J.: 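Sharing a structure with you now.
All values derive from a computational prediction rather than experimental measurement. Below, all heavy atoms of this structure are taken into account, side chains as well, without hydrogens, waters or symmetry copies. Chain identifiers are assigned alphabetically (A, B, ...) following the order of the sequence lines, protein sequences preceding nucleic acid strands; residue numbering begins at 1 within each chain.
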Protein chains: 2
Amino acid sequence: MNRFENMDTFIRVVETGSISGAADRAGVAKSAVSRRLKELEEHLGVQLFHRTTRRINLTDSGRAYYHQCVRILEDVLEAERATSQAHATLKGSLKVALPATFGHMHMGPAINEFILENPQIEFDLDFNDRAVDLMQEGFDLAIRIAKLPDSSLIARRLAPVELVLCASPAYLEKHGVPQSLDDLANHQCLVYSLTRDSEHWLFNSPQGGLEKTRIRPYLKASSGEFLRCAAVDGLGLAYFPSFIVFEEIERGTLVPLLSEYTCSDLNAYAIYPQTRHLSQRVRAFVDFLVKRFDGVPYWDRCLHT
Amino acid sequence: MNRFENMDTFIRVVETGSISGAADRAGVAKSAVSRRLKELEEHLGVQLFHRTTRRINLTDSGRAYYHQCVRILEDVLEAERATSQAHATLKGSLKVALPATFGHMHMGPAINEFILENPQIEFDLDFNDRAVDLMQEGFDLAIRIAKLPDSSLIARRLAPVELVLCASPAYLEKHGVPQSLDDLANHQCLVYSLTRDSEHWLFNSPQGGLEKTRIRPYLKASSGEFLRCAAVDGLGLAYFPSFIVFEEIERGTLVPLLSEYTCSDLNAYAIYPQTRHLSQRVRAFVDFLVKRFDGVPYWDRCLHT
DNA sequence: TCTATTGTTCTTTTATTGAGAACAAATATT
DNA sequence: AATATTTGTTCTCAATAAAAGAACAATAGA
């Protein structure tokens with residue numbers, strides 16, 4: 001039995017004052033309307049209408065039930081409207097996971113800008129380099145720096161990420177400037193600890209091949225910003241994303257090395273679960289980010305000119 | 001789509017925390033549960049759950065919708081409970097149509113007694129001798145004095161009604177005592193005007209036949225009590241129900257005539273519409289009346305002893 | 001690594017629902 | 001008063017929707 005349909009039909013009958021009328025208005029056969037009423041009455045064990053073969057009149061019970069039905073159906077519609085709209089508008093919260101360094105340095109300003117444009121959206125930002133489970137922890141969105149996106153998730157590429165081998169002038173003066181990848185084995189290396197393989201660095205050689213070079217981790221840390229400081233302080237060689245070190249390179253406190261070798265297949269992605277219904281605020285935010293990071297990233301502009 | 005069923009399923013899933021669990025608890029296949037959720041989400045255009053292949057987590061929208069669903073379903077149940085109970089309990093009103101004289105003289109005390117036992121029931125009494133349309137005017141019940149009950153209605157026989165031919169001693173002294181039915185033609189007759197045929201009186205003869213006697217209506221009125229007074233005042237012969245005149249006969253202010261002729265196929269009935277669901281208060285009231293009028297009516301006891 | 005569990009999807013089976021006609025009763029019309 | 005029309009109910013049959021159950025993919029736990 002379809003309670004909802006029956007209640008709706010009952011309301012129609014009450015408001016039309018006849019079964020035929022209600023059937024016409026609803027576009028169904030009057031036999032269907034008659035049966036629904038009968039079903040309702042049997043379910044309730046109550047006579048809803050006084051009837052002759054030609055006329056129906058609400059009973060007291062019917063009148064009381066009618067008012068309740070109207071209220072309930074209004075509530076249902078209101079709940080559906082609210083739920084659908086919460087989704088369709090740019091209201092609500094957005095729980096975003098983002099990597100610490102990229103998040104602080106580049107997502108922060110972007111998010112602030114977005115918030116100014118969309119003040120109804122509340123952000124819940126989790127700056128964290130570990131891989132969070134989007135679904136599990138209820139994230140709407142995550143920002144990832146990765147080679148290829150997770151295929152089980154939707155990914156929008158935000159910006160290319162290049163890794164730059166670099167060191168401080170002081171370090172280079174003390175340990176010499178590496179002339180080839182092979183030289184790296186003799187250097188102190190500053191390594192990001194949450195990488196999959198912290199014993200090797202990968203480079204795209206100018207010839208097009210992929211070079212995997214064994215390195216000696218001198219200092220491992222899970223904070224990009226801490227490692228950048230370490231590099232500036234001359235503690236070792238760094239192979240960092242350009243978005244971390246671009247200012248130091250501009251400023252000359254870090255010097256790029258072996259720049260014929262690159263690592264250009266890394267990207268910053270916005271990823272989100274493959275849901276049937278993407279909330280509009282996720283879409284809006286991702287669209288905003290894609291647009292904002294479009295083209296050559298501002299942190300790479302000095303390097304490429 | 002069965003909205004309430006889907007909402008109920010959704011609630012079950014939320015409370016169980018899993019689709020399989022909800023399916024088990026509801027005793028349906030999990031595919032059905034899965035489909036219902038999908039249906040709901042598509043209807044709302046909103047993702048209700050974050051899902052992996054193995055786990056589901058409420059979204060913000062889902063949580064908000066959940067609370068509304070719970071409230072709405074409670075309202076539905078409450079409405080149904082209230083409607084069913086109003087019917088099942090002895091609360092509510094009872095609209096009764098009853099003939100004026102019998103109503104005043106015999107139903108009145110009965111109703112008063114019933115009210116004392118069931119103070120929650122409110123009565124709406126229409127004392128009226130015309131034939132009302134039960135459905136049309138929303139009556140729950142009517143009391144009728146009739147030979148046979150209307151077949152389209154449910155009738156419970158309350159009491160036999162006998163007609164008694166009588167007149168006041170003064171009238172008889174003046175006009176003589178009728179010795180046979182044929183004598184009636186020479187008498188002044190007091191006639192109830194709402195009868196079908198006010199030109200004839202019908203009698204069951206002691207031989208078992210039916211005698212139809214032409215009479216001369218001297219005074220016609222639609223009030224039994226008025227006619228009774230007229231009879232007592234010696235205005236003519238009366239052929240009245242014993243329940244109207246029994247006190248006068250006991251007192252001797254009216255004298256029964258030709259008492260070998262009777263009219264015993266009349267009855268007092270409680271009638272009510274043939275509804276699928278008889279309200280309990282109607283049933284209770286009718287049961288009460290049947291019990292109260294059981295046996296030889298008190299107004300006839302003196303006549304039969 | 002393997003197993004068991006979970007959610008989804010597909011197909012088949014089952015149940016529900018609507019349409020339409022036939023009917024009975026009551027109102028409107030002639 | 002007689003007839004025609006309208007109205008609500010009920011029945012059967014067809015269309016539709018829903019459930020069951022198996023198969024599958026993915027994941028969590030052993």
J.: Distance check needed: dG7(C) P versus Ile19(B) CD1, whole Å only.
T.: 5 Å
J.: For Glu211(B), what residues pass the side chain to side chain donor-acceptor pair (under 3.5 Å) criterion, not counting sequence neighbours?
T.: none
J.: Could you list, one pair per line, each protein nitrogen or oxygen that sits under 3.5 Å from a nitrogen or oxygen of nucleotides 17-20 of chain D, together with the distance?
T.:
unit_1	atom_1	unit_2	atom_2	d
dA18(D)	OP1	Met1(B)	N	3.4
dA19(D)	OP1	Arg36(B)	NH2	2.1
dA19(D)	OP2	Arg35(B)	NH2	2.4
dA19(D)	OP2	Arg36(B)	NE	3.4
dA20(D)	OP2	Ala29(B)	N	2.4
dA20(D)	N7	Ser31(B)	OG	3.1

J.: Please name all residues satisfying side chain to side chain donor-acceptor pair (under 3.5 Å) with Asp265(A), sequence neighbours left out, ordered by chain then number.
T.: none
J.: When the distance from CG of Asn57(B) to P of dG7(C) is rounded to whole Å, what number comes out?
T.: 11 Å
J.: Once you apply a heavy-atom cut-off of 4.0 Å, does Ser34(A) come out as touching a base, just sugar-phosphate, or nothing?
T.: base
J.: From CG of Leu48(A) over to C1' of dT9(D), roughly how many Å is that when rounded to an integer?
T.: 16 Å
J.: Under 4.0 Å between a Lys/Arg side-chain N and an Asp/Glu carboxylate O for Arg71(B) and Asp75(A)?
T.: yes
J.: Nearest whole Å is fine: how far is dT17(C) C1' from Asn6(A) CG?
T.: 11 Å
J.: One thing to verify: whether Glu78(B) and Arg81(B) come together as a salt bridge, which I'm taking to mean a side-chain N less than 4.0 angstrom from a carboxylate O.
T.: yes
J.: Salt bridge between Glu42(B) and Arg35(B), side-chain N to carboxylate O under 4.0 Å?
T.: no
J.: For the pair made of CG in Leu37(A) and C1' in dT7(D), what is the distance, rounded to whole Å?
T.: 14 Å
J.: Is the closest side-chain donor-acceptor distance between Asp60(A) and Ser93(B) under 3.5 Å?
T.: yes
J.: Does a nitrogen or oxygen in the side chain of Lys38(B) sit under 4.0 Å from OP1 or OP2 of dT9(C)?
T.: yes
